[in-house]
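Accompanying notes for the structure given below.
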Amino acid sequence: MKLKLSEKLSSINPSVTLTISSKAKELKANGVDVISFAPGEPDFNTPVNIQDEAISSIREGKIKYTAASGLLELKKAICNKLEKDNNIKYEPKNILISNGAKQCLYNSLCAILNEGDEVIVVAPYWVSYYELIMLAGGKPVIIETKEEDDFKPTVEILKKTITNKTKAMIINTPNNPTGTVYSKEELIALGDIAIENDMFIVADEIYEKLIYDGAKHFSIASIDKYKDNTLVINGMSKAYSMTGWRLGYVAAHEDIIKLINNFQSHTTSNACTISQYASIEALNGDQSKIEEMRKAFDERRKYMVDAINDIKGLSCRKPLGAFYVMVNIKDMKGTSIRGKKIESSLDFCNVLLDEAKVATIPGSAFGTDDYIRMSYATSYDNIKNGIQRIKELVEE
Ligand code: PMP
Ligand code: GLU
């Protein structure tokens with residue numbers, strides 16, 4: 001029988017970041033000595049106070065369905081966090097809790113887009129934005145940026161990209177994969193254009209706590225005039241090393257939250273109840289572990305940037321946020337390594353994996369083929385040994 005499947009889902013590519021990360025894990029489990037710079041997740045365990053809260057919630061039977069939009073107590077903790085850290089005043093009716101920031105993004109796009117609406121995405125962009133927009137019926141419109149501009153779009157280019165179909169723009173600061181952090185002034189410039197053109201801003205702030213060299217995170221929704229058309233996306237994955245717990249939230253105008261609530265009540269219901277209780281502790285409890293993890297990332301960041309710039313043919317800028325380095329591979333294109341031609345970022349990543357047993361993510365996954373992404377959310381020893389392997393191979 002010929003299976004007549006959905007055209008929409010058949011056009012969706014799998015997440016390259018998740019695919020390569022799990023391929024590297026599988027090779028390792030099969031005894032191959034792979035060093036992986038692929039995963040976008042902290043390598044630390046979740047802090048013990050959060051673990052303990054999850055265990056208590058199971059023992060105390062706090063394991064039932066909650067409201068589809070999440071526990072009121074967690075929404076209050078999120079409101080406190082948003083006021084304290086981001087200077088944005090929301091009430092619980094403005095908050096919706098989902099299975100990670102990823103589902104918050106999907107829910108949000110479904111709530112604001114009609115078929116064919118355009119959403120502006122700045123490249124290099126996080127791999128899932130493109131497909132999430134497509135799944136929600138929208139059309140991703142990509143703005144290219146340059147490394148020498150810190151991968152930030154100019155106001156002129158943004159204005160030229162807007163059409164009468166433009167509905168929203170995704171702003172991701174600190175950025176995955178570039179580590180770029182937007183300043184308050186830059187965000188205001190983008191916010192003004194959004195207001196003039198009646199656009200939503202989807203502000204993905206999931207890396208806000210991972211920021212270095214004195215850079216400051218600024219939330220565009222903290223300025224009143226941008227608040228109603230901004231959807232703030234955040235979650236527990238990166239700051240509290242809780243990727244597998246699947247807990248994220250969106251804060252927005254209550255009319256948007258109402259639509260998402262209805263949608264979520266039919267699709268997934270509430271996010272995992274145990275993770276919700278644990279997240280209350282994460283947000284209200286001791287925050288010192290965040291700084292410990294941030295400091296560790298910072299040390300690795302500095303080491304990785306210097307070590308990469310020490311390899312002939314590769315270069316990178318020092319990112320100000322998140323835990324990724326975008327490595328410029330332009331000089332590698334057109335060369336051959338051990339008889340294998342390098343014509344794309346994927347070719348280069350394949351050679352690194354096959355010949356040096358090092359896993360990285362091709363820039364093509366992020367809409368730019370002249371780079372590969374390396375995550376420094378792995379141990380110092382892995383970074384040192386992995387980069388040494390790359391150096392030996394590339395300079396061979
Ligand atoms: N946004 C960005 C920019 C990310 O890198 C990630 C990481 N997967 C997410 C959203 C989603 O995070 P999660 O679903 O784990 O909360
Ligand atoms: N955000 C992480 C990354 O970019 C995790 C993987 C994913 O969700 O795509 O690698």
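As the structure lists them, so they are numbered: ligands from 1, and atoms in each ligand from 1.
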Between N261 and I257 (side chain of the first, backbone of the second, donor and acceptor by atom type, cut-off under 3.5 Å), is there such a pair? no
Parallel, tilted or perpendicular: which fits the ring planes of F297 and F323, with parallel below 30° and perpendicular above 60°? tilted
Between Y226 and D192, a side-chain donor and acceptor under 3.5 Å: yes
Does the pair E156/K159 count as a salt bridge with the N-to-O cut at 4.0 Å? no
With no hydrogens and no angle check, do the side chains of K81 and N86 hold a donor and an acceptor under 3.5 Å apart? yes
Could you give me the CA-CA distance, side-chain angles and deciding distance for F366 and Y324, then say whether ring pair (Phe, Tyr, Trp, His ring centres under 6.0 Å) is met? CA-CA 12 Å; F366 311 106; Y324 309 102; 7.7 Å; no
Counting only heavy atoms closer than 4.0 Å, does ligand 1 sit against the backbone of Y129, its side chain, both, or neither? side chain
Does ligand 2 come near enough to W126 that some N or O of the ligand is less than 3.5 Å from an N or O of the residue? yes
Nearest neighbour of atom 10 (C) of ligand 1 from the list Y106, W126, Y125, F323, on a heavy-atom basis: W126
Test your reading of the structure: does Y324 have an N or O sitting under 3.5 Å from an N or O of ligand 1? no
Intermediate values then yes/no, side-chain hydrogen bond (donor to acceptor under 3.5 Å, both in side chains), S237 and K102: CA-CA 10 Å; S237 286; K102 199 179 264 186; over 6 Å; no
When you look for heavy atoms under 4.0 Å from ligand 2, do you find them on the side chain of T243, its backbone, both, or neither? neither
Which of the atoms in ligand 2, numbered in the order shown and given with their element, are less than 4.0 Å from a heavy-atom of K102? 7 (C), 8 (O), 9 (O)
Under 4.0 Å to a heavy atom of Y324 - the qualifying atoms of ligand 2, by number: 2 (C), 3 (C), 4 (O)
Ligand 1-proximal atoms of A101, by part, heavy-atom distance under 4.0 Å: both
Can you find an N or O of A38 that's nearer than 3.5 Å to an N or O of ligand 2? no
Are K238 and ligand 1 in contact, using a heavy-atom cut-off of under 4.0 Å? yes
Do any N/O atoms on T243 end up under 3.5 angstrom from N/O atoms on ligand 1? no
K238 heavy atoms within 4.0 Å reach ligand 2 at atoms 1 (N), 2 (C)
Atoms of ligand 2 close to S15 [distance to a heavy atom under 4.0 angstrom, numbered from 1]: 9 (O)
More than 12 foreign heavy atoms under 6.0 Å from NZ of K62: is that the case here? yes
Is it the side chain (CB and beyond), the backbone, both or neither of R246 that lies under 4.0 Å from ligand 1, heavy atoms counted? side chain
Which atom pair, heavy atoms only, marks the closest approach of H217 to T173? CE1-O, 3.4 Å
Just let me know how N172 lines up against ligand 1, side chain, backbone, both or neither, with a heavy-atom cut-off below 4.0 Å. side chain
Residues D224 and K227 bridged, charged N to O under 4.0 Å: no
N176 to ligand 1: N or O pair under 3.5 Å? yes
